[in-house]
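No hydrogens, no waters, no symmetry mates; every other heavy atom, side chains included, goes into these values.
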Amino acid sequence: MNQEMRITPEEIFGKIDHTLLKPDTARADIVRLCEEAKTYGFATVCVNPYWVRLAAEQLSGTGIGVTTVIGFPLGASTTFVKIAEARDAIASGATEIDMVMNIGALKSGDADAVKRDIESVVLACRGRAIVKVILETGLLTDDEKIEACRISKAAGADYVKTSTGFGPGGATVEDIALMRRTVGPKMGVKASGGVRDLETARRMIAAGASRIGTSSGALMAMSGKGEGGY
């Protein structure tokens, strides 16, 4: 049995950020998202900042975290705004912050600005929330992906993440492997964008992903029934 097949559905579910970021999301959708997370044992739910308080209330006492997105989806907010967003989200109950890197600054060769932006959010979250940096890999060359990973690690982030789901492309096995090689074995790597089934999730985890961002978690869980899962 190869490495991918040894990854059970339950192991995958425990790495999933169960995601719902659509602009027309309503209260009932968030409640259902949280119920699914409780049913299947997902790591967190990932919601827009407006819904953090509701999600935190729904998941209170379960051990399931609440992820939200900052500087989303373009990464072009000022650092001041990203800090304010992060602090407000944490006050509302967020336990994990997925911030979009300043992509334009990276493309402009301003590595110092990119690092300061990430460091500032990390400092605002220190001791209170995990920070994941969304690179939007579909917009980057391989050299830029490597640089973005190195900057994120040096800035003290906990994870690097592939995509917002709103940009071009999504997670690929090649990008996950590249990111893992760059950040080393200890830093988190999140595969997000286009991960819609157990087979794809397994490939991402085998390549080095330690977290999976997907809006298809419930469908994946249902398909896992045939493998002895839920």
Q) Do Leu198 and Tyr40 belong together in a cluster built from hydrophobic side chains that touch within less than 4.5 Å? A) yes

Q: First locate atom CD1 of Ile12, then atom CD1 of Ile16, and finally report the distance between them rounded to the nearest 0.5 Å.
A: 7.0 Å

Q) Is there a side chain to side chain donor-acceptor pair (under 3.5 Å) between Asp17 and Thr44 once you walk through the steps? A) CA-CA 5 Å; Asp17 290 343; Thr44 77; 2.7 Å; yes

Q: Locate the shortest heavy-atom distance separating Val183 from Lys153; write the atom from each residue and the value.
A: O-NZ, 2.7 Å

Q. When rounded to the nearest 0.5 angstrom, what is the spacing between NZ in Lys115 and CG in Asp112?
A. 8.0 Å

Q: Check the pair Ile151 / Leu106 against side chain to side chain contact (heavy atoms under 4.5 Å, CB included), numbers first and verdict last.
A: CA-CA 10 Å; Ile151 292 170; Leu106 185 79; 4.0 Å; yes

Q. Do Phe72 and Leu54 share a hydrophobic cluster, counting only Ile, Leu, Val, Met, Phe, Trp and Tyr and linking them when any side-chain heavy atoms are less than 4.5 Å apart?
A. no

Q. Within a strict 4.5 Å, meaning less than it, do heavy atoms of the Ser216 and Val195 side chains meet?
A. no

Q: Mind checking the CG-CD spacing from Leu33 to Gln58? Nearest 0.5 Å is all I need.
A: 10.5 Å

Q. Should we say atom NZ of Lys107 is surrounded by more than 12 heavy atoms from elsewhere, each under 6.0 Å from it?
A. yes

Q) Do Met222 and Leu20 belong together in a cluster built from hydrophobic side chains that touch within less than 4.5 Å? A) no

Q | Option passing side-chain contact (heavy atoms from CB on, under 4.5 Å) with Arg27 (candidates Val31, Ile30, Thr25) | A | Val31

Q: Identify the two heavy atoms, one from Leu21 and one from Asn48, that lie closest to each other, and give their separation to 0.1 Å.
A: O-ND2, 3.2 Å

Q | Full working for salt bridge (charged side-chain N to carboxylate O under 4.0 Å, His left out) between Lys190 and Asp98 | A | CA-CA 10 Å; Lys190 179 174 173 178; Asp98 287 16; 2.8 Å; yes

**Q.** Close side-chain approach of Cys125 to Ile90, heavy-atom, < 4.5 Å
**A.** yes

Q. Could you state the interatomic distance from OG (Ser77) to CG (Asn102), rounded to the nearest 0.5 Å?
A. 9.0 Å

Q. Are Ile130 and Val52 connected in a single hydrophobic cluster, I mean Ile/Leu/Val/Met/Phe/Trp/Tyr linked by side-chain heavy atoms less than 4.5 Å apart?
A. no

Q. Are Leu135 and Leu140 close enough that some pair of their side-chain heavy atoms sits under 4.5 Å apart?
A. yes

Q. Among pairs that include at least one residue of residues 96-141, which meet ring pair (Phe, Tyr, Trp, His ring centres under 6.0 Å), considering only residues two or more places apart or in two chains?
A. none

Q | Enclosure of Phe166 CZ (heavy-atom neighbours >12, cutoff 6.0 Å) | A | yes

Q: First locate atom CG of Asp175, then atom OG1 of Thr162, and finally report the distance between them rounded to the nearest 0.5 Å.
A: 7.5 Å

**Q.** Minimum heavy-atom distance Ile118-Ser152, with the two atoms named
**A.** CD1-OG, 3.7 Å

Q. Should the pair His18 and Phe42 be assigned to parallel (<30°), tilted (30 to 60°) or perpendicular (>60°) ring geometry?
A. tilted

Q: Applying side chain to side chain contact (heavy atoms under 4.5 Å, CB included), run through Ile97 and Thr67 and close with a yes or a no.
A: CA-CA 6 Å; Ile97 299 295; Thr67 299; over 6 Å; no

Q: Using modelled atom types only, decide if a donor and an acceptor are shared between the side chain of Arg202 and the backbone of Ile7 within a distance under 3.5 Å.
A: yes

**Q.** Sole residue of Ile134, Asp117, Ile70 in side-chain contact (heavy atoms from CB on, under 4.5 Å) with Val100
**A.** Ile134

Q. Can you get from Met187 to Ile205 by hopping between Ile, Leu, Val, Met, Phe, Trp and Tyr side chains that sit under 4.5 Å apart?
A. yes

Q | Side chain Asp88, main chain Glu85, donor-acceptor under 3.5 Å | A | no

Q: Please list, chain by chain and in numerical order, all residues satisfying salt bridge (Lys or Arg N to Asp or Glu O under 4.0 Å) with Glu96, sequence neighbours excluded.
A: Lys132, Arg211

Q: Quick one: closest heavy-atom pair of Val66 and Gly93, and the distance?
A: CB-O, 4.0 Å

Q. Does the side chain to side chain contact (heavy atoms under 4.5 Å, CB included) test come out yes or no for Val189 and Ile176, once each step is laid out?
A. CA-CA 7 Å; Val189 176; Ile176 292 298; 3.8 Å; yes

Q.
If you compare all heavy atoms of Met101 against all heavy atoms of Ala148, which two are closest, and at what distance to 0.1 Å?
A. SD-CB, 3.7 Å

Q | Glu199 bridged to Arg203 by N-O distance under 4.0 Å | A | yes

Q.
Once rounded to the nearest 0.5 Å, what's the spacing between atom NZ of Lys161 and atom SG of Cys149?
A. 14.0 Å

Q. Is there a donor-acceptor contact under 3.5 Å from the side chain of Arg180 to the main chain of Gly184?
A. yes

Q) So, do Ser192 and Ile212 sit near enough that their side-chain heavy atoms are less than 4.5 Å apart? A) no

Q) Are any non-hydrogen side-chain atoms of Thr182 and Arg150 less than 4.5 angstrom apart? A) yes

**Q.** Partners meeting side chain to side chain donor-acceptor pair (under 3.5 Å) with Asp142 (sequence neighbours left out)
**A.** Lys145

Q.
Please enumerate all residues that pass ring-ring contact (aromatic ring centres under 6.0 Å, His included) together with Tyr159, with sequence neighbours excluded.
A. none

Q: Grab the two heavy atoms, one from Pro49 and one from Val69, that are nearest each other, plus how far apart they are.
A: CG-O, 3.4 Å

(Q) Is any side-chain heavy atom of Met99 closer than 4.5 Å to one of Val131? (A) yes

Q | Qualifying residues under salt bridge (Lys or Arg N to Asp or Glu O under 4.0 Å), relative to Glu57, sequence neighbours excluded | A | none

Q.
Less than 4.5 Å apart, side chain to side chain, heavy atoms only: is that true for Glu119 and Leu123?
A. no

Q.
Donor-acceptor check, side chain of Arg126 to backbone of Val121, threshold 3.5 angstrom: yes or no?
A. no

Q. What residues form a side chain to side chain donor-acceptor pair (under 3.5 Å) with Arg53, not counting sequence neighbours?
A. Ser92

Q. Going through the checks in order, is the salt bridge (charged side-chain N to carboxylate O under 4.0 Å, His left out) test met by Glu35 and Lys38?
A. CA-CA 5 Å; Glu35 287 302 314; Lys38 288 186 280 188; 2.8 Å; yes

Q: Test side chain to side chain contact (heavy atoms under 4.5 Å, CB included) on Glu36 and Thr39 and set out the steps.
A: CA-CA 5 Å; Glu36 290 169 346; Thr39 298; 5.5 Å; no

Q) Hey, does Met204 have a side-chain heavy atom less than 4.5 Å from the side chain of Thr200? A) yes

